[in-house]
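Contents: one structure, followed by commentary.
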Amino acid sequence: MASSAPPVLPISNPQTVPSAAPSSVESQPPIATPAFRNFINQITETVKNGLSKRRPWAELADRSALSKPESISDAAVRIRKNYSYFKVNYLTVATAIVGFSLVTHPFSLVFLLCLLASWLFLYLFRPTDQPIVLFGRTFSDRETLGCLILFSIFVIFLTDVGSVLVSAMMIGVALICAHGAFRAPEDLFLDEQEPAATGFLSFLGGAPSSAAPAVIAARV
């Protein structure tokens with residue numbers, strides 16, 4: 001008597017669930033990292049190059065070289081000569097005064113940092129293929145630039161940032177002019193081979209200062 005084999009149940013092949021394909025759009029950094037890094041490196045190198053040209057602070061603070069100018073024209077000549085010789089030191093003093101004023105006014109410092117970050121991250125070093133989308137609306141580069149200009153006007157003129165910066169720079173210019181007028185420049189040896197300075201920041205060079213305008217010109 002043949003034993004009956006158990007019935008063979010059909011086995012259905014499980015449907016292969018397609019694995020989720022990796023997203024074709026990879027997240028990109030909010031700013032163009034190489035350009036931003038290059039900009040920071042240029043600023044760092046320029047500041048180092050500028051600070052290497054500063055005069056000894058002991059020479060700047062030499063009390064034996066202080067004397068009263070004979071006239072206003074003599075004071076103007078002294079200021080011009082001392083500026084040509086101590087321009088890096090003068091800029092350092094003015095920067096320190098502005099920095100101290102901002103530190104003592106934290107709200108102005110926060111507003112200024114927000115303004116700077118907005119220009120850097122939203123316009124200057126933002127990839128051109130990543131438009132700004134806010135509340136479902138896409139903003140073009142021109143619209144972004146216009147909003148940043150309005151925000152800059154608001155921060156500088158409608159908050160304490162403008163008054164803090166102006167007052168600090170006025171104090172710095174007053175101290176620089178006072179030192180330049182009362183510091184006798186007879187013992188200073190000016191290098192005649194150096195090109196004539198065209199501005200207060202002329203020693204810094206034009207690489208970093210032209211980087212931002214070049215980016216703006218390329219976007220507009």
Report the distance from atom [atom1] of [X] to atom [atom2] of [Y], rounding to the nearest 0.5 Å.
X	Y	atom1	atom2	answer
Tyr90	Tyr85	OH	OH	11.5 Å
Asn82	Ile176	CG	CD1	11.5 Å
Arg183	Lys81	CZ	NZ	12.0 Å
Ser152	Phe157	OG	CZ	10.0 Å
Leu120	Leu115	CG	CG	9.5 Å
Ile132	Tyr123	CD1	OH	10.5 Å

* Structure fact -> Between Ser71 and Ser73, the two heavy atoms sitting closest are OG-OG, 3.0 Å
* To do: Measure across Val155 and Val161 and return the closest heavy-atom pair with its distance rounded to 0.1 Å.
  =>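 Answer, listing the atom of Val155 first, then Val161: O-CB, 3.4 Å.
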* To do: For Leu134, look at atom CG and say whether over 12 heavy atoms of other residues, nucleotides or ligands are found less than 6.0 Å away.
  =>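 Check passes, neighbour count above 12.
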If hydrophobic clusters are built by linking Ile, Leu, Val, Met, Phe, Trp and Tyr wherever their side-chain heavy atoms come under 4.5 Å apart, do [X] and [Y] end up in the same one?
X	Y	value
Met169	Val164	yes
Val77	Ile72	no
Phe154	Leu116	yes
Leu150	Phe139	no
Val166	Ile171	no

* To do: Test side chain to side chain contact (heavy atoms under 4.5 Å, CB included) on Leu148 and Thr144 and set out the steps.
  => CA-CA 6 Å; Leu148 288 175; Thr144 304; 4.2 Å; yes
* Phe86 and Thr92: CA distance, side-chain angles, deciding distance, side chain to side chain contact (heavy atoms under 4.5 Å, CB included) verdict -> CA-CA 10 Å; Phe86 292 112; Thr92 305; over 6 Å; no
* Side-chain heavy atoms of Ser67 within contact of Phe182, under 4.5 Å -> no
* **Validation row: Ile149, Trp119 side chains within 4.5 angstrom (heavy atoms)** => yes
Name the atoms and distances for all side-chain donor-acceptor pairs under 3.5 Å in residues 94-110, with sequence neighbours left out.
unit_1	atom_1	unit_2	atom_2	d
Thr95	OG1	Leu91	O	2.8
Ser101	OG	Ile97	O	2.9
Thr104	OG1	Phe100	O	3.0
Thr104	OG1	Ser101	O	2.8
His105	ND1	Ser101	O	2.8

* Asked: Is a side-chain donor or acceptor of Asn89 paired with a backbone partner of Leu60 at a separation under 3.5 angstrom?
  -> no
